[in-house]
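Following: one structure in C-alpha cells, then a few remarks.
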Amino acid sequence: MPKPEHSDPASLILHNGAICTLDARRPEARALAVRDGRVVATGDDAEILAMRGPATRVIDAHSRRVIPGLNDSHLHVIRGGLNYNMELRWDGVWSLADALEMLRLQALRTPAPQWVRVVGGWSEFQFAERRMPTLEEINAASPDVPVFILNLYASAMLNRAALRSLGYDRDTPAFDRGEVVRDAKGNPTGMLLARPSAMILYQTLAMGPRLSLDDQINSTRHFLRELNRLGLTSIIDAGGGAQNYPDDYKVIQTLRERDQMTLRIGYDLFAQKAGQELDDFRSWTRTLRPGQGDQMLRLVGAGENLTWAAADFEIFTQPRPDLAPTLEAQLEPIVRLLAEARWPFRIHATYDESIGRFLDVFERVDRDTPLQQPGSPLHWFIDHAETISDRNIDRIARMGGGIAVQHRMMFQGEYFLERYGAESIKRTPPLRRILDTGLPMGGGTDATRVASYNPWVSLQWMVTGRTLGGLQMYGEDNLL
C-alpha cells in the first residue's frame with residue numbers, strides 16, 4: 001500500500017514490526033499508518049514515520065508479529081455473551097484432576113441460585129486420564145451447588161443438586177427427543193443422552209436461572225473483550241437454538257446504543273419454533289432488510305437454521321439421523337421466499353446425505369429464481385459440511401454458493417473414527433478440495449457449546465489436521 005499523496009498526518013503509527021499486509025505485492029511491512037480508523041499506508045519505518053504529526057500516537061511493536069483483525073464466520077456470540085460470566089471453561093486444561101479442582105473452586109464462589117456450567121470447548125480426549133469425569137466425582141466436587149456439564153452435543157451430566165433444582169425425579173416423564181438415564185429404581189442418575197437429537201440438552205440448559213439484564217450486559221462485555229484479546233475484531237453470529245428475535249437481542253442492541261461494543265457483529269436470524277419457521281421468515285422479510293444496522297451491528301441474512309426438520313446434529317456417538325420425509329416440503333417455500341426477497345442465507349448441514357437433499361431444493365428454486373442474478377448476487381452457503389462429497393461441492397459451485405467450516409472435528413474426531421472408519425476421516429471436511437474448486441470458504445469456531453471460541457485453536461486444526469487427543473485426521477493433501 002503506497003503512501004497517500006495528501007500530507008495529512010496519521011492518527012496512529014505502528015512501526016518496528018513484522019506486519020502481515022495481505023497485499024500480494026508486498027505481503028510484509030515494517031510499519032503502518034492509520035487515519036480516521038483506516039489503514040492508509042504500509043511501508044518501511046522511515047517512510048511511515050514521516051507521516052507523524054503533533055497528535056499522532058506512535059507505537060513501537062518491538063519486532064513482534066502484527067496481523068489484521070480476525071473474523072470468525074460462525075460464532076454464537078450473542079447467545080454466548082448472555083451466559084459467559086456464569087461458565088467455567090475447560091479449554092486447554094490437560095488434566096481431569098485439574099478440571100475437577102476448577103469445578104470445586106467455581107462451586108465455592110457461585111452465588112445461589114446460579115449453577116456452575118461447563119459448556120463447550122473441551123473433550124475427554126484432551127485429558128491425560130483420557131476419560132470423562134464420573135457423576136460421583138462431580139457430586140464430590142460440588143455437593144450443594146447445581147452443576148451442568150455439556151459434552152459436545154452428545155450428552156450432559158447433572159449433579160444431585162441440579163437434579164433437585166430441576167425437579168428431575170422418578171416421576172419425570174421421558175423426553176421425546178432424548179434420554180434421562182435412570183437407575184434400577186427409576187431415579188435419574190444425572191446423565192442425559194442426546195438420542196436422537198440435542199434438544200434434551202438445549203431444554204435442560206434453558207431451565208437454569210438467568211442473569212439479570214444488567215448482569216447479561218456485563219457478561220457480554222466481558223465476552224467481547226475476551227474475543228478481542230484473542231485477535232477477533234469481527235464475527236458473524238449464526239443465531240442458535242433458544243436465541244429468539246428480538247427478545248434475546250436486547251443486550252447486544254443496548255451495548256450498540258451505548259457505544260460499548262468492541263467487536264463488529266453481523267447476525268443471522270434463526271427461526272425457533274418448529275412448524276412456524278415460514279411465518280417467521282415472512283414477517284422478517286417484510287419488516288427487515290439485510291444490511292440494516294451499522295458497521296458495529298447489522299443484520300446479514302437468515303440461518304443457520306431455516307427449518308427444524310433440516311437439523312442434523314453432529315452426534316457421532318449415535319448413528320446418522322435420517323431427516324424427516326417432509327423436509328423438502330418445509331424447506332422449499334422458505335428458500336423461495338429468501339431468494340425472491342434477496343435475503344442471504346446459510347444452512348446447518350453436517351452430513352453429505354443432508355446436503356444432497358438441501359441442494360435438490362436449492363436447484364429447484366434456482367431454476368425459477370436464479371440465486372445469482374446480474375446486479376443482484378445472492379450470498380448463500382453451507383455450514384459445517386464435515387462429510388460433503390466432491391459431487392455436492394461441485395453443485396454448490398455451480399449455484400455460486402460457499403462453505404463455512406469449523407473445528408468441531410478437533411473435539412470429536414475419535415468418535416467419528418470409531419463409527420465411520422479411517423478412510424472417512426481423511427476428508428472430514430475436505431478443506432483442500434473446497435479451496436481447489438474455487439469456492440469461497442469461511443473459517444470459524446461454532447463456539448460456544450461444542451468447540452472453543454479461540455480462533456487460533458481452529459486455525460491450528462486447519463493447518464495440522466489433529467484432534468485435541470492427538471489423532472491425525474488427514475494427510476498433507478487436505479491441509480491448508
Ignoring hydrogens and angles, tell me if any N or O in the side chain of Ser458 forms a donor-acceptor pair with the backbone of Gly444 under 3.5 Å.
yes
I'd like to know if Asp390 pairs up with Arg427 as an ion pair, taking the criterion as any Lys NZ or Arg NE/NH1/NH2 lying under 4.0 Å from an Asp or Glu carboxylate oxygen.
yes
Kindly compute the distance separating CG (Asn244) from CD (Gln272), expressed to the nearest 0.5 Å.
4.5 Å
Quick test of your reading of the model: are Asp366 and Arg398 salt-bridged, counting only N-O distances below 4.0 Å?
no
Suppose we screen for side chain to side chain contact (heavy atoms under 4.5 Å, CB included). Which residues come up paired with Ser155, at least two apart in sequence or across chains?
Asn151, Met191, Leu193
Quick one: do Arg342 and Ser376 satisfy side-chain hydrogen bond (donor to acceptor under 3.5 Å, both in side chains)? Show the steps, please.
CA-CA 8 Å; Arg342 310 314 289 167; Ser376 182; 3.0 Å; yes
With distance as the sole test, does Thr110 use its side chain to make a donor-acceptor pair with the main-chain N or O of Val116 at under 3.5 Å?
no
NZ/NE/NH1/NH2 to OD/OE distance under 4.0 Å, Arg282 and Asp279
yes
Just verifying a value: how many Å separate Thr350 OG1 and Ile315 CD1, rounded to the nearest 0.5 Å?
9.0 Å
Quick one: does Asn159's side chain have a donor or acceptor within less than 3.5 Å of a partner on Ser142's backbone?
yes
Leu378 and Pro344: which non-hydrogen atoms are nearest, and at how many Å?
CD1-N, 3.6 Å
With a 4.5 Å heavy-atom cut-off, do Thr134 and Ile138 have their side chains touching?
no
Given 3.5 Å as the limit, does a donor-acceptor pair link the side chain of Thr42 with the main chain of Ala29, or not?
no
Rounded distance [0.5 Å steps], CE in Met409 versus CH2 in Trp461
8.0 Å
Check ion pair Arg79-Asp248 (N to O, under 4.0 angstrom):
no
Reported CZ-to-OG1 distance for the pair Phe223 and Thr448, which is rounded to 0.5 angstrom:
5.5 Å
Side chain to side chain contact (heavy atoms under 4.5 Å, CB included) against Ala18, all qualifying residues, sequence neighbours excluded
Glu28, Arg65
Whether over 12 other heavy atoms sit under 6.0 Å from Arg160 CZ:
no
Begin with the C-alpha distance, continue with both residues' side-chain angles, and end with the deciding distance and a verdict on salt bridge (charged side-chain N to carboxylate O under 4.0 Å, His left out) for Glu332 and Arg364.
CA-CA 8 Å; Glu332 186 165 331; Arg364 285 197 295 273; 2.9 Å; yes
How far does CG of Leu166 sit from OG1 of Thr172, to the nearest 0.5 angstrom?
9.0 Å
Got a donor-acceptor contact below 3.5 angstrom from the Arg89 side chain to the Ser452 backbone?
no
Spacing of CG belonging to Leu299 relative to OH belonging to Tyr245, to within rounding of 0.5 Å
7.0 Å
Test side chain to side chain contact (heavy atoms under 4.5 Å, CB included) applied to Ser197 - qualifying residues, sequence neighbours left out:
Arg177, Met199, Phe313
Find out whether Leu371 and His379 are in side-chain contact, i.e. whether some heavy atom of one side chain is under 4.5 Å from a heavy atom of the other.
no
In terms of side-chain geometry, is the basic nitrogen of Asp322 or Arg320 positioned less than 4.0 Å from the acidic oxygen of its partner?
yes
Donor-acceptor pair, distance only, cut-off 3.5 Å: does the side chain of Asn139 make one with the backbone of Leu135?
yes
With sequence neighbours left out, what residues match Arg419 under side chain to side chain donor-acceptor pair (under 3.5 Å)?
none
Does the side chain of Met410 come within less than 4.5 Å of Arg466's, by heavy atoms?
no
Strictly distance-based, threshold 3.5 Å: is any side-chain N or O of Thr467 a donor or acceptor partner for the main-chain N or O of Gly413?
no
salt_bridge(Glu386, Arg408) N-O dist < 4.0 Å:
yes
Side-chain heavy atoms of Trp122 within contact of Val118, under 4.5 Å:
yes
Heavy atoms of Asn83 and Ser219 approach each other most closely as C-OG, 3.7 Å
Looking only at the aromatic ring of each residue, does the gap between the centers of Trp380 and Phe358 stay below 6.0 angstrom?
no
Tell me which pairs pass ring pair (Phe, Tyr, Trp, His ring centres under 6.0 Å) where either residue lies in residues 391-414, with sequence neighbours left out.
His407-Phe411
Among His348, Gln406, His76, which residue meets the side chain to side chain donor-acceptor pair (under 3.5 Å) test with Asp446?
His76
Please tell me if the side chains of Val361 and Arg357 come closer than 4.5 Å, counting only heavy atoms from C-beta onward.
no
Taking Leu297's backbone N and O only, do any of them form a donor-acceptor pair with Arg264's side chain (distance below 3.5 Å, no angle check)?
no
Is Leu88 close to Ile149 at the side-chain level, that is, under 4.5 Å between some pair of heavy atoms?
no
If you look only at distance, which donor and acceptor atoms sit under 3.5 Å apart when one is on a side chain in residues 227-240 and the other is two or more places apart or in another chain?
from: Asn228; atom 1: OD1; to: Arg225; atom 2: NH1; distance (Å): 2.9
from: Asn228; atom 1: OD1; to: Thr262; atom 2: OG1; distance (Å): 2.6
from: Asn228; atom 1: ND2; to: Leu232; atom 2: O; distance (Å): 3.0
from: Asn228; atom 1: ND2; to: Thr262; atom 2: O; distance (Å): 2.9
from: Arg229; atom 1: NE; to: Glu226; atom 2: OE1; distance (Å): 3.0
from: Arg229; atom 1: NH2; to: Glu226; atom 2: OE2; distance (Å): 3.0
from: Ser234; atom 1: OG; to: Asn71; atom 2: ND2; distance (Å): 3.0
from: Asp237; atom 1: OD1; to: Gly239; atom 2: N; distance (Å): 3.0
from: Asp237; atom 1: OD1; to: Gln243; atom 2: NE2; distance (Å): 3.1
from: Asp237; atom 1: OD2; to: Val77; atom 2: N; distance (Å): 2.9
from: Asp237; atom 1: OD2; to: Ile78; atom 2: N; distance (Å): 2.8

Is the shortest heavy-atom distance from the side chain of Leu435 to the side chain of Leu439 under 4.5 Å?
no
How far apart are the C-alpha atoms of Thr387 and Asp352, what are their side-chain angles, what is the distance that settles it, and do they pass the side-chain hydrogen bond (donor to acceptor under 3.5 Å, both in side chains) test?
CA-CA 5 Å; Thr387 69; Asp352 187 61; 5.7 Å; no
Let me see the working for Thr445 and Asp72 under side-chain hydrogen bond (donor to acceptor under 3.5 Å, both in side chains), right down to the final yes or no.
CA-CA 7 Å; Thr445 63; Asp72 188 325; 2.7 Å; yes
Regarding Asp268 and Arg346, does a basic nitrogen lie under 4.0 Å from an acidic carboxylate oxygen?
yes
Kindly say whether Ser424 contributes a backbone atom to a donor-acceptor pair with the side chain of Thr428 at under 3.5 angstrom?
yes
Pair Arg131 + Glu137: basic N to acidic O under 4.0 Å
yes
Donor-acceptor pair, side chain of Trp115 and main chain of Gly208, under 3.5 angstrom
no
Taking the side chain as every heavy atom from C-beta outward, state whether Leu331 and Ile347 have any pair of such atoms under 4.5 Å apart.
yes
Do Glu314 and His384 have side-chain atoms, one donor and one acceptor, less than 3.5 Å apart?
no
Name of the residue among Phe125, Tyr420, Phe316 meeting ring pair (Phe, Tyr, Trp, His ring centres under 6.0 Å) with Tyr415:
Phe125
Grab the two heavy atoms, one from Ala385 and one from Ile403, that are nearest each other, plus how far apart they are.
CB-CG2, 3.9 Å
